[in-house]
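Quick caveat, the model's predicted, so the values are computed rather than measured.
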Amino acid sequence: MDTHATNKHLSGLTLTGTQLKFIAAFFMLIDHINSYFPEVTPDWFSFLGRFVAPVFTFLLVEGFFYTHSRRKYLERLMLGASIMLIINTIQNWITGAAFDTFTHKFSFFLLFLSGHNIFITLALMFSVIWLIEILRHQTHIKTKIMLALPISLLMLFTLMVEGGVYLLPIVLVCYFSHNQKKWVLSFILLFSAILLVKSIFNYYQMQVPNESLFSYLTFSSEFMMVIAVPLLGLYNGKRGGNGSKWDKNFFYYFYPAHLTVIYIIYDLIHIF
């Protein structure tokens, strides 16, 4: 075997944004299957999907800087969020997820916001970095102060929606470190290490009987976002794909479609 040729081939291995998107979508599907049908998947499957949201967050920032229309980009995210809001509302009504687990009282918050809707998180984060971009180009202090309030409110809302607590720091680092990928990768690596230490600490603090550390880590597994580091390290800065509408909008079709199928199968097994 020509070792030199092999090493040269490996060193030239890169991933486009489209390829990263397809990889992330595949593992998102695995993660959601594991979430709704844990009886048919091993516990460690929960590790496989933790990198997905950070990858999409990274690509969100790439799209922010390179899109032809930020307004249309945000509109697509908001349309996706609205579609998922309708799908989740129907699912929450069917499954009774709109009722609080402890008080058994009906909650409009749970009815509308319970369930998967990464589009809301992405739309809020896109809005945050867009307003920050506008703020950075302002020269008047009064205008900057006026912009600081909606930015702060959007950040607060982001922390309240799916994955926001973990993704808001990442999107800010990706934005302020754009074109400095090493800083983004270093932050994700550090953040993952902190989350791992936190999970281990919580395990020994809680002293959960008859549960191993590994079993607990499959539950508290956000530290596995570290898988995003090698994948993003291979990103070559190119959109990729063939430029078709399908490539551009794939995720907007895939996300509600795969969750709808999962919801239907879940309901047929557990509800009807």
Side-chain angles (χ1 to χ4, degrees), residues 4-31 48-80 118-119 121-130 132-133 136-137 163 166-192 224-258:
H4 177 73
T6 302
N7 291 337
K8 184 178 180 180
H9 173 73
L10 291 174
S11 64
L13 176 63
T14 62
L15 293 171
T16 66
T18 297
Q19 289 170 330
L20 279 172
K21 184 167 57 179
F22 286 145
I23 292 171
F26 173 75
F27 282 96
M28 172 182 282
L29 175 61
I30 291 177
D31 184 55
L48 300 179
R50 295 288 77 82
F51 76 91
V52 171
V55 166
F56 278 119
T57 299
F58 176 87
L59 294 176
L60 177 81
V61 177
E62 289 291 289
F64 173 81
F65 282 105
Y66 297 121
T67 185
H68 295 299
S69 173
R70 290 174 179 170
R71 178 182 62 81
K72 289 183 179 179
Y73 198 133
L74 181 57
E75 286 176 354
R76 288 195 298 271
L77 290 172
M78 293 178 68
L79 176 60
I118 195 64
F119 286 129
T121 312
L122 294 175
L124 285 170
M125 293 193 299
F126 191 92
S127 301
V128 166
I129 61 177
W130 195 357
I132 291 175
E133 181 80 355
R136 295 175 73 186
H137 289 89
Y166 304 103
L167 298 179
L168 182 60
I170 295 175
V171 78
L172 292 175
V173 171
C174 288
Y175 170 75
F176 286 109
S177 303
H178 186 244
N179 288 329
Q180 300 180 67
K181 192 166 61 174
K182 65 178 181 180
W183 292 111
V184 175
L185 301 184
S186 297
F187 175 77
I188 295 176
L189 194 62
L190 176 62
F191 196 20
S192 300
M224 286 302 293
M225 69 170 64
V226 71
I227 298 175
V229 172
L231 289 173
L232 295 179
L234 294 174
Y235 176 60
N236 58 17
K238 299 178 181 179
R239 174 184 286 183
N242 56 22
S244 67
K245 190 175 181 180
W246 165 256
D247 274 352
K248 184 178 181 179
N249 295 321
F250 163 76
F251 187 64
Y252 296 97
Y253 304 139
F254 168 79
Y255 190 81
H258 91 279

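- Rounded to the nearest 0.5 angstrom, Ser127 OG and Met78 CE are separated by 7.0 Å.
- Across Leu185 and Gly233, no two heavy atoms sit closer than the pair CD1-CA, 3.8 Å.
- Not a single side chain to side chain donor-acceptor pair (under 3.5 Å) links Asp247 to another residue, sequence neighbours left out.
- Taking the side chain to side chain donor-acceptor pair (under 3.5 Å) definition, one finds that Ser244 meets it with Asn242, sequence neighbours left out.
- Side chains of Tyr73 and Tyr66 form no contact here, defined as non-hydrogen atoms less than 4.5 Å apart.
- Between Trp246 and Phe250, the two ring planes are perpendicular [angle over 60°; tilted spans 30° to 60°].
- A distance of 11.5 Å separates CG of Leu232 from CD1 of Ile227, quoted to the nearest 0.5 Å.
- The side-chain heavy atoms of Ser192 and Ile188, taken from C-beta on, include a pair separated by under 4.5 Å.
- Atoms CZ and NZ, from Phe251 and Lys21 in turn, are 9.5 Å apart once rounded to the nearest 0.5 Å.
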Contacts under 3.5 angstrom, residues 22-30 side chains, donor-acceptor by atom type, not counting sequence neighbours:
none

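- Remark: Arg239 CZ is loosely packed, at most 12 non-hydrogen atoms of other residues, nucleotides or ligands lying under 6.0 Å away.
- Atom CG of residue Leu124 and atom CD1 of residue Ile129 lie 12.0 Å apart, to the nearest 0.5 angstrom.
- Under a 3.5 Å cut-off, the side chain of Tyr255 and the backbone N or O of Ile118 do form a donor-acceptor pair.
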Taking distance alone, no hydrogens or angles, what donor-acceptor pairs closer than 3.5 Å link side-chain atoms of residues 169-176 to residues at least two apart or in another chain?
unit_1	atom_1	unit_2	atom_2	d
Tyr175	OH	Glu133	OE1	2.3
Tyr175	OH	Arg136	NH1	3.2

Acceptor/donor pairs from residues 48-64 side chains to any protein atom, 3.5 angstrom cut, sequence neighbours excluded:
unit_1	atom_1	unit_2	atom_2	d
Arg50	NH1	Ser46	O	2.7
Arg50	NH1	Ser221	OG	3.4
Arg50	NH2	Asp31	OD1	3.1
Arg50	NH2	Asp31	OD2	2.9
Thr57	OG1	Ala53	O	2.8
Glu62	OE1	Tyr235	OH	2.9
Glu62	OE2	His178	NE2	3.1

Point to revise | side-chain contact (heavy atoms from CB on, under 4.5 Å) assessment of Tyr252 paired with Leu77 | key: CA-CA 8 Å; Tyr252 296 97; Leu77 290 172; 3.8 Å; yes
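- Leu13 and Leu234 get closest at one heavy-atom pair: O-CD2, 3.4 Å.
- Scanning for side-chain contact (heavy atoms from CB on, under 4.5 Å) contacts around Lys72 gives Ser69, Glu75, Arg76, with sequence neighbours left out.
- Considering OG1 of Thr16 and CD of Gln19, their distance stands at 3.5 Å, rounded to 0.5 Å.
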